[in-house]
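This report refers to the structure that appears directly beneath it.
Treat the numbers as computed from the prediction; the structure is a model and nothing was measured.
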Amino acid sequence: MSLVVRKLSKRYGVVKALDDVDMVIEKGSFTTLLGPSGSGKSTLLMCMAGFIEPTSGEIELNGRSLVGVLPEKRGLGVVFQGYALFPTMTVARNIAFPLRMRGWSAADIDRAVRRMLQLVQLESFAGRKPAELSGGQQQRVALARALSFNPEIVLLDEPLSALDRALRESLRAELKEIHRSTGTTFVMVTHDQEEALSLSQKIVVLNGGRVEQQGDPVDIYLRPRTLFASRFVGMANLFEVTVSAVEDGVAVCALPDGGRLFAPVDPGRPFCAGDKAVLCVRPESVEAGESPAAPGAAVNVQRGRLVSDCFEGFDRILEVDTAAGLQKVRLRAAGAQRRFDVGQPLTLSWPASAGHLIAAQAA
């Protein structure tokens with residue numbers, strides 16, 4: 001166990017930036033705090049770093065309380081959103097700075113700097129200053145500086161947000177490899193769902209200062225526990241339903257228009273006849289076609305008319321108006337080449353196993 005947060009709250013007058021947050025960050029893991037602006041994710045990270053003092057609650061590192069401990073005494077590496085590099089120092093001196101502050105010997109500093117330059121592939125840039133580097137290179141210098149003194153945890157505050165899409169994708173892969181090769185615990189803040197899903201071993205979804213859900217990326221995406229989590233992490237088709245029966249682990253769900261849908265029931269979160277719920281289906285699980293399909297316990301069917309067809313390169317997003325509302329279909333690869341006309345009738349279908357039920361009280 002590496003870092004434990006218990007009942008952590010931060011208030012600014014009547015505003016609750018954090019509200020009884022509980023989480024555990026395992027040693028060596030890559031954990032991402034994900035949420036929209038104002039969700040409390042950066043406040044939580046800065047409480048861990050020691051730059052913000054919580055109103056109440058506890059933060060423990062390996063059983064030692066960090067509350068009240070000065071930032072420089074916590075032994076954590078931090079990569080700030082703006083990188084915060086010293087403009088008058090070279091790359092090598094920026095990386096060496098935390099080592100000099102810790103009283104390392106010149107020989108140890110030299111070895112550590114050379115090791116970090118090699119790790120982030122900037123050996124030939126050691127003598128340059130930040131202004132002579134690209135945004136991606138500056139990000140790597142900031143990461144090298146945060147790792148230089150072998151911290152137990154590195155905190156990253158939206159480290160890729162200032163970069164263009166192509167560079168973000170490239171550095172995302174580098175960041176994942178650096179985490180793997182060093183074995184250091186990474187805690188990252190982002191509002192980018194794709195970034196969180198691709199990098200993380202654990203995601204903590206925050207909203208309004210509270211934890212909506214935490215778990216591995218597959219669980220967060222395919223089995224959202226709240227309506228907010230289903231909407232914020234990726235696109236979702238959502239159906240308000242009433243469970244009419246549960247048979248062999250499959251819920252029979254009644255739609256307001258009298259139609260029926262089917263979805264699996266998680267044994268750990270049972271539903272009973274009469275329960276109100278929201279059925280969540282991801283657009284990439286939905287097929288769109290012109291020929292009618294027969295509904296059944298294994299296949300769900302909705303009929304409607306095409307409202308829009310948006311080409312997004314590798315993907316094509318269809319919006320179809322159905323009796324249950326506007327639904328989305330994500331066509332990928334070969335399917336993205338298909339052409340449909342706005343206004344034409346379409347039949348949407350998806351396997352019952354692709355659905356996920358969210359309790360109405362969580363919605």
Side-chain angles (χ1 to χ4, degrees), residues 1-26 29-61 65-67 76 81 153 155-158 161 185-197 199-236 238 240 266 268-269 271 275-278 280 356-363:
M1 188 179 296
S2 184
L3 188 73
V4 178
V5 175
R6 291 199 199 93
K7 301 295 181 186
L8 198 72
S9 295
K10 178 61 182 177
R11 293 177 176 82
Y12 296 98
V14 297
V15 177
K16 291 183 178 180
L18 295 174
D19 190 6
D20 281 348
V21 171
D22 290 308
M23 59 185 290
V24 176
I25 297 171
E26 302 294 341
S29 68
F30 197 128
T31 298
T32 296
L33 310 180
L34 176 66
S37 297
S39 62
K41 58 188 186 297
S42 289
T43 301
L44 178 54
L45 195 80
M46 291 300 103
C47 283
M48 293 177 188
F51 299 118
I52 293 177
E53 192 71 20
T55 303
S56 61
E58 185 59 80
I59 304 172
E60 292 182 358
L61 178 60
S65 176
L66 294 182
V67 176
L76 307 180
Q81 187 172 350
I153 299 176
L155 308 176
L156 304 105
D157 188 10
E158 304 213 38
S161 63
T185 305
F186 278 19
V187 182
M188 182 180 73
V189 158
T190 186
H191 61 269
D192 187 315
Q193 301 95 325
E194 185 179 336
E195 197 171 281
L197 290 168
L199 282 172
S200 314
Q201 295 165 335
K202 179 179 182 178
I203 296 174
V204 181
V205 181
L206 290 158
N207 179 37
R210 299 186 66 88
V211 174
E212 289 273 335
Q213 185 174 349
Q214 51 185 310
D216 67 74
V218 172
D219 190 53
I220 295 290
Y221 187 75
L222 295 180
R223 292 174 287 277
R225 291 186 174 272
T226 68
L227 189 59
F228 174 83
S230 70
R231 284 174 167 166
F232 187 73
V233 185
M235 288 189 291
L238 302 170
E240 293 186 2
D266 185 343
R269 305 175 68 211
F271 285 85
D275 287 350
K276 301 291 185 181
V278 173
C280 172
H356 174 72
L357 285 175
I358 302 170
Q361 58 266 32

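- The two atoms that bring Glu58 and Leu8 nearest to each other are N-CD1, 3.9 Å, heavy atoms only.
- No donor-acceptor distance shorter than 3.5 angstrom exists from the side chain of Ser29 to the backbone of Ile25, with no hydrogens or angles considered.
- Here Met188 contributes atom CE and Leu155 contributes atom CG; the two are 12.0 Å apart, rounded to the nearest 0.5 Å.
- Counting heavy atoms from C-beta outward, Ser65 and Ile59 have side chains that stay 4.5 Å or more apart.
- For the pair Leu206 and Val211, the minimum side-chain heavy-atom distance is below 4.5 Å.
- Atom CD1 of residue Ile52 and atom CG of residue Leu18 lie 8.0 Å apart, to the nearest 0.5 angstrom.
- Shortest non-hydrogen contact noted between Ala196 and Thr190 is CB-CG2, 4.1 Å.
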### Task
Show the numbers, then the answer: is there a side chain to side chain contact (heavy atoms under 4.5 Å, CB included) between Ile220 and Leu34?
CA-CA 11 Å; Ile220 295 290; Leu34 176 66; 5.7 Å; no
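- Applying the side chain to side chain contact (heavy atoms under 4.5 Å, CB included) criterion to Ser42, with sequence neighbours excluded, gives Asp157, Val189.
- Of all non-hydrogen atoms in Glu212 and Thr226, the two that sit nearest each other are OE1-OG1, 2.6 Å.
- Separation of atoms CG (Leu45) and CG (Leu156) is listed at 8.0 Å; rounding is to 0.5 Å.
- Between Arg6 and Glu60, some side-chain heavy-atom pair lies under the 4.5 Å cut-off.
- Smallest separation of non-hydrogen atoms from Phe271 and Ala277: CE2-CB, 3.9 Å.
- Under the rule for a side-chain hydrogen bond (donor to acceptor under 3.5 Å, both in side chains), Gln213 has no partner lying at least two apart in sequence or in another chain.
- The shortest side-chain heavy-atom distance between Glu26 and Lys202 does not fall under the 4.5 Å cut-off.
- Taking every heavy atom of both residues into account, Lys10 and Glu53 meet most closely at NZ-O, 2.9 Å.
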### Task
Under the side chain to side chain contact (heavy atoms under 4.5 Å, CB included) rule, what do Thr185 and Leu3 come out as? Steps first, then yes or no, please.
CA-CA 9 Å; Thr185 305; Leu3 188 73; over 6 Å; no
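- For the pair Leu197 and Tyr221, the minimum side-chain heavy-atom distance is below 4.5 Å.
- Summarising the geometry, atom SG belonging to Cys280 is positioned 11.5 Å from atom CZ belonging to Arg223; distances are rounded to the nearest 0.5 Å.
- You'll find the side chain of Pro224 reaches within 4.5 Å of the side chain of His356, heavy atoms only.
- For the pair Met48 and Ile153, the minimum side-chain heavy-atom distance is 4.5 Å or more.
- Taking OG1 of Thr31 as the reference point, atom CE of Met23 lies at 6.0 Å (rounded to 0.5 Å).
- Residues Leu238 and Arg231 meet the side-chain proximity criterion, which asks for heavy atoms closer than 4.5 Å.
- Counting all heavy atoms, side chain and backbone alike, Pro36 lies closest to Phe232 at N-CZ, 3.5 Å.
- We find that Asp22 and Lys7 are joined by a salt bridge, their nearest charged nitrogen and carboxylate oxygen being less than 4.0 Å apart.
- For the atom pair Asp275 CG and Leu357 CG, the distance stands at 9.5 Å (nearest 0.5 Å).
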